Amino acid sequence: MNRSVALPIEAALPDLRCALAEHRNVVLQAPPGAGKSTGVPLALLPERWRGDARIVMLEPRRLAARAVATRMAQTLGEPVGRTVGFRTRLETKVTKDTRIEVVTEGILTRWLQRDPTLEGVALVIFDEFHERSLNADLGLALCLDAQETVREDLRLLVMSATLDGAAVAKLLGDAPIVTAEGRAFPVTTHYRERLDVRSARPQYEDMAQIVARTISRAIEDEPGDVLAFLPGQGEIRRAQRFLEETSLPPGVRVLPLFGELAPHEQDAAIQPSRSGERKIVLATNIAETSLTIEGVRIVVDSGQERRSRFDPVTGMSRLELGNISRASADQRRGRAGRIQAGVCYRLWSEVEHSSLPAQTAPEIVGADLAPLALELTNWGIADPGALRWLDPPPSATFAQARDLLRSLDAIAADGRVTEHGRALARMSTHPRLAHMIVRGTEMGLRTTSLQIAAVLGERDLLRTQGQDRNVDLRFRVEALRGERSLPAGVSIDQGAKQRALRSIDLLARQLEQPRHDNTKLGDFDVGRLLALAYPDRIAQSRGAGGRYLLSNGRGAQLPPAQSLSQAAFLVVADLDAGDREAMIRLAAPLTRELLEADFASHIEHRERFEWDSREQSVAAQDERWFGALKLYERRIDKPDPARMLDAMLAGVRELGLAALPWTKPARALQTRLIFAKRFDERAPAPWPDVSDTALMEHLDDWLAPWLTDMSRRDHLARLDLHGILMSLLDWNAQQRLETFAPTHLPVPSGSRIPIDYTEESPTVAVRLQEVFGMHETPTVAEGRVPLTLQLLSPAHRPVQVTRDLVSFWARGYLDVKKELKGRYPKHYWPDDPLTAQATARAKPRPR
DNA sequence: CTCTCCCT
């Protein structure tokens, strides 16, 4: 147990032992390099409270679980699996002698679901808790619940590097906080303002270019290897090009590092440089926690990262580029001070730094919560509020997750877990995929469904170089089965394949044995099975260009040059939701026939009656829908008249009243009725409101009866609007209208002049000569409304307007006569118009 | 021109 150099954690161990002897729950705060992961479990092994029970320590990653267990075993001078063992989903080294068990975080959840008392476990240690992984948060919530209900003596130790310990200590019931020093060398921090004040810079510069320039300056100014953090592969490739264009000192190599890189390429970046050589590692977040790069003295930090964010509305995730947190920046900087004093270049200013979030948002805030919701439901909890959380699961996402579980038949109508849901919870895969495996097994497609789940559990089974990546999932399933020869530039990731095969074994053991299994792969088996897992991502071609519509209503697009783009239907296993259209990353083809057969109970039959604006007619169609996808449509030969009528009315509503065949008499009748309604004071008034507004509002009442058998705009020409309006009046009202608002005014010449009711005051336009002998101003509305007389010349030119004929004759007439006599000398212009003979003749009477 | 990790 002796080490040549004492770990910094040693100093804190007495306090930690004390705290754990007296309290069930304790928080240990220690920076990276303190040696807590290996030091703490070993130090607690002899404690009295342990008895003969195990200490369990959670690690966020399999690699870490194995490495930490190995180091502890070495310290004891034992092989792994004796006193110290580890357990991950895919690999286990544990015996009956094991008293310290290092496990990945998901394993604990599995244990708790099987045995909430966690029998045989004295202490659970949450290592790297500051990373706030979903599984660690869930594990802690379940442990606290178990502690409250069935395991009062269970001890919990939360270890954290950068996390503010106070919040978690409070969550643990005012647990004591023990702190330890780290062992890190000082790192000098340069902010961007100090680097770049010299030159005026353009407004925008490629991040990759700025990183490259900072690196080439740093490598001149400082000794040692460089680790640069960039948000993604694209930026890494660009920075690499920029660096290779500049003249780097001899012996300096540029090495990219990201998750999709082949293992031997990752190793090249991780291993220490040979003597006399230096390296520049361009890395994603993978180098922040998962991998440690040997020999780094200089860190260049872009300050950005890509993060996955789940959208509960669409049920899809998207990658977002954003600023890192201060905690993350410190973690990245710490990578420069592991073996000696180092230097860190931050490509942002000190002012910007203070505005960054202190901590990275915990995973639970932005993740798909379907797995968590299934765990909680299986735990017997429908509302996460029943448990204690640092950050509770966001309610919208949790609700979406419960909806999904309901659609997978995992939750019953009463909100509790179903037998099927229990089966899904027993499986070590996403509930969607577990559902696919269980139902697929029932369909006789067990092997294929297991293979799909295993392939989807890996980032990508295939490595593609120098060409467009083929997104067909069948391609990968066939490769896993060894049934496909791969084209040049495409190879199997052997590590991924081995993990996939282990996964299949594991999942198969979690299943009931099938009655029969079809091991041969049919063309559409993958698509059919995938549809069980992702019914919301079944996609229908929109025609050309690899563009599809998903059953959840969103658009999605295939990358260029995909053989799948010929498929009428796809099921999408993986996609990035993007800003506008989602990009399909993995999919398999399906047919309409299979979709309709497998999802018969989810297909919606609709008889659709709608006004088609483009065709200007009613569309009466028989349709079959799956979510947002229209699978089938046919014109209905004998449509239901009532629904036809509704659609026709909708059409008129859209077209407006102007689309109706208004004749002059019809419009005139409308204005007379409006006039009558306005001026008739007799009660009860028999007049309907036929203003344009009222007609539009009440189309169903007055127009509908006349629209039977009509289905297009043309048909409206058949309407007799005058007759229709007249039919709104009973016989008495029709009679009364004739006297109250007559159509015409008889004048002394014998003519009948039409009365225009559209103006504010009803008007007749009549030649002056026709009203000689008319003593009084004519009226309508039973004498209450005088008509406006527009008096015209023989040539129908307006001469005078008056609402008072008596005073016109008395005063205005003389002037008018004089003028008209000048222009129309042959006409008859009497001195006394009241006794003169009116005439309707256009030509002057012969003298 | 798309991060990373994980599940008896």
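Every value quoted in this text rests on a predicted model; they were computed, and no experiment measured them. Order of the sequence lines fixes the chain letters, A, B, ..., with proteins taken first and strands second; residue numbering starts at 1 for each chain.
Put simply, the side chain of A:Leu456 reaches to within 4.5 Å of the side chain of A:Leu586, judged on heavy atoms. A:Trp379 has its side chain out of reach of A:Thr377: every pair of non-hydrogen atoms, C-beta onward, lies at least 4.5 Å apart. Side-chain contact between A:Thr360 and A:Arg132 is absent, with no heavy atoms from C-beta onward closer than 4.5 Å.
For A:His420, the ring pair (Phe, Tyr, Trp, His ring centres under 6.0 Å) criterion is met by A:His435, not counting sequence neighbours.
Rounded to the nearest 0.5 Å, atoms CG (A:Leu558) and CG (A:Leu570) are 5.5 Å apart.
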(request) Encode nucleotides 1-8 of chain B as B, S and - characters from 5' to 3', where the letter depends on protein heavy atoms closer than 4.0 Å: B to the base, S only to sugar-phosphate, - to neither. (result) -BBBSSBB
